[in-house]
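Because only heavy atoms are used, hydrogens play no part in the values below, and waters and symmetry mates are left out as well, while side chains stay in.
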Amino acid sequence: MVRSVKGALLAATMLAGVSAVPALAADSIKVGGLATLEGAFTVLGQDGMRGLELALKEANYTAGGKKLELVKGSSDATPDSAIRAARKLVEQDKVDILVGPLSGDEGVAMRDFAKNYPNVTFINGSSAAQDTTLRNPAPNFYRFSTDGVQWAAGLGEYAFKNKGYKRAVVVAEDYGFPYSQVMGFMLEYCKAGGKVADKFWVPIGNKDFSSIIAKIPDNIDAIYVALGGADATNFLTQYEQSGGNKPMIAGSITVDQTVLGAKGKRRSYLIGTPSAGPIADTWDDAGWKKFVADYKKAFPDGLPSPSLFAHAYYIGGKAMIAGLEKVKGDLSDGQKGFQAALSGLTLDTPTGKVSLDKNRQAKADIFLTEVAEGPNNTLMNKVVKVIPQVTQTMGMDEAEFMKLGPASRDNPECR
């Protein structure tokens with residue numbers, strides 16, 4: 001009887017196109033790594049995957065006495081592509097844990113997808129749309145990285161009071177993460193007295209910004225830009241070529257190393273650009289310096305300094321490993337013990353302490369930065385200030401914050 005059951009299981013597994021050995025082996029755990037390895041955010045996804053691989057390498061691909069097998073999945077930053085990749089990882093590759101995705105709307109879709117697979121644990125990559133965890137969260141989805149609203153902590157007030165930017169316009173990609181970034185910026189900026197004259201939303205992968213640039217009014221002090229990857233590079237290049245000279249306030253991914261490390265831009269335009277986010281390239285901390293050194297050693301052809309995507313996937317990987325260590329690699333009972341262990345974790349990371357709230361969302365330090373010249377003709381985000389342990393509601397009472405409504409194209413407003 002035992003032999004026939006094993007034979008039937010083996011046959012079913014082979015018909016599904018999956019190697020039977022990892023599925024039956026009690027001494028291994030399959031980890032799915034999902035990132036944007038195609039499309040406008042390819043360079044972001046490549047660095048995210050480096051972060052996950054670094055976490056696994058540091059653990060010698062072992063946790064809780066079990067070997068960890070990484071199976072990679074690729075998306076193009078659209079929810080449909082992320083879910084297709086996730087479905088393959090879960091249903092065909094039979095991963096036990098999925099780390100990802102990268103982009104904002106992908107994360108919202110993954111949260112809903114996760115609800116259909118309660119015996120699989122989903123750990124966020126770097127997707128940072130706030131609603132992924134704030135509204136209707138999935139009990140088996142964990143985000144050890146902060147969200148786009150949190151990433152903007154300190155920036156709005158600094159842009160108004162310290163940089164003197166009283167009136168601005170927004171240029172941002174038209175999806176969940178930039179909505180969160182713009183909300184986080186505007187909550188402080190508008191409260192300080194700033195005005196946002198207009199918002200220009202563009203699709204991911206937009207190549208021609210000429211019509212947007214032509215509409216940017218003269219009577220502004222700065223442009224708040226929330227574009228990533230190739231989109232950011234294309235806008236900056238075209239804006240400079242058009243003769244534009246308004247200073248920029250940057251979203252977290254607009255002056256991330258995935259953009260600062262790109263070639264061919266005018267350095268003088270970017271230097272002095274204020275931003276905020278989960279990392280700062282010049283953070284003078286032993287843990288951060290070790291992380292940067294380990295990243296450079298493991299990936300000599302990587303970026304000049306790890307991006308926020310590498311950082312987020314690294315922390316997700318470290319959290320997964322810490323949780324597995326706590327339960328000695330035991331994923332029985334529908335992974336309930338493992339998921340409880342994740343919920344109770346407090347991690348020491350390269351950027352400080354990280355813990356989770358009741359929605360399994362990270363609370364962590366945020367860095368207010370300005371772009372500065374770094375070594376070897378590079379550009380870096382220099383620390384201006386550290387905002388400690390920022391919550392998902394930006395320090396506001398949760399009930400009051402929820403009254404603000406979800407971030408969107410039109411929310412918030414201050415003209």
Min side-chain heavy-atom separation Phe177-Ser103 under 4.5 Å
no
Begin from the C-alpha positions of Lys88 and Asp93 and carry the test salt bridge (charged side-chain N to carboxylate O under 4.0 Å, His left out) through to its verdict.
CA-CA 6 Å; Lys88 178 184 180 299; Asp93 298 319; 2.9 Å; yes
Main-chain N/O of Ala280 paired to Asn381 side chain as donor or acceptor, under 3.5 Å:
no
Can you check whether Gly302's main-chain N or O pairs, donor with acceptor, with Asp47's side chain at less than 3.5 Å?
no
Indicate yes or no: at least one non-hydrogen side-chain atom of Val149 is less than 4.5 angstrom from one of Met394.
yes
To the nearest 0.5 Å, what is the distance between NZ on Lys72 and CG on Leu52?
8.5 Å
Does Lys163 form a salt bridge (charged side-chain N to carboxylate O under 4.0 Å, His left out) with Glu370? I'd like the steps, not just the answer.
CA-CA 11 Å; Lys163 302 295 283 189; Glu370 281 196 12; 3.3 Å; yes
Would Gln361 and Thr133 count as having a side-chain donor-acceptor pair, cut-off 3.5 Å?
yes
Is a side-chain N or O of Thr393 found less than 3.5 angstrom from the main chain of Glu398, in a donor-acceptor match?
no
Looking only at non-hydrogen atoms, find the nearest pair between Asp105 and Gly176 and report the distance.
OD1-N, 2.8 Å
Evaluate the salt bridge (charged side-chain N to carboxylate O under 4.0 Å, His left out) criterion for residues Asp357 and Lys363: first the C-alpha distance (whole Å), next the side-chain angles of each, then the deciding distance (0.1 Å), finally the verdict.
CA-CA 7 Å; Asp357 66 16; Lys363 175 175 70 173; over 6 Å; no
Does the plane of the ring in Tyr295 sit parallel, tilted or perpendicular to the ring in Phe291? Use 30° and 60° as the thresholds.
tilted
Could you check whether Tyr314 and Glu53, counting side-chain N and O atoms only, form a donor-acceptor pair closer than 3.5 Å?
no
Between Tyr189 and Phe185, how do the two ring planes meet: parallel, tilted or perpendicular, split at 30° and 60°?
parallel
Within-4.5 Å side-chain heavy-atom neighbours: Thr346 and Val354
no
When the ring planes of Tyr175 and Phe41 are compared, do they come out parallel, tilted or perpendicular, using 30° and 60° as the limits?
tilted
Between Glu106 and Ser75, do the side chains contain a donor N or O and an acceptor N or O under 3.5 Å apart?
yes
Check for a donor-acceptor pair, side chain of Gln150 on one end and backbone N or O of Ser145 on the other, with a separation under 3.5 Å.
no
Do the non-hydrogen side-chain atoms of Leu98 and Val90 ever get within less than 4.5 Å of each other?
yes
Parallel, tilted or perpendicular: which describes the rings of Tyr269 and Tyr239, with under 30° parallel and over 60° perpendicular?
tilted
Apply salt bridge (charged side-chain N to carboxylate O under 4.0 Å, His left out) to residues Lys297 and Asp294 and explain how you reach the verdict.
CA-CA 5 Å; Lys297 181 178 179 180; Asp294 291 346; over 6 Å; no
Could you tell me the separation between the CG atom of Leu308 and the OG atom of Ser126, rounded to the nearest 0.5 Å?
7.0 Å
Report yes or no: do Thr351 and Trp288 form a side-chain donor-acceptor pair below 3.5 Å?
no
Minimum heavy-atom distance Ser275-Leu368, with the two atoms named:
O-CD1, 3.4 Å
Judged by modelled atom types alone, do Gln392 and Asp147 share a side-chain donor-acceptor pair under 3.5 Å?
yes
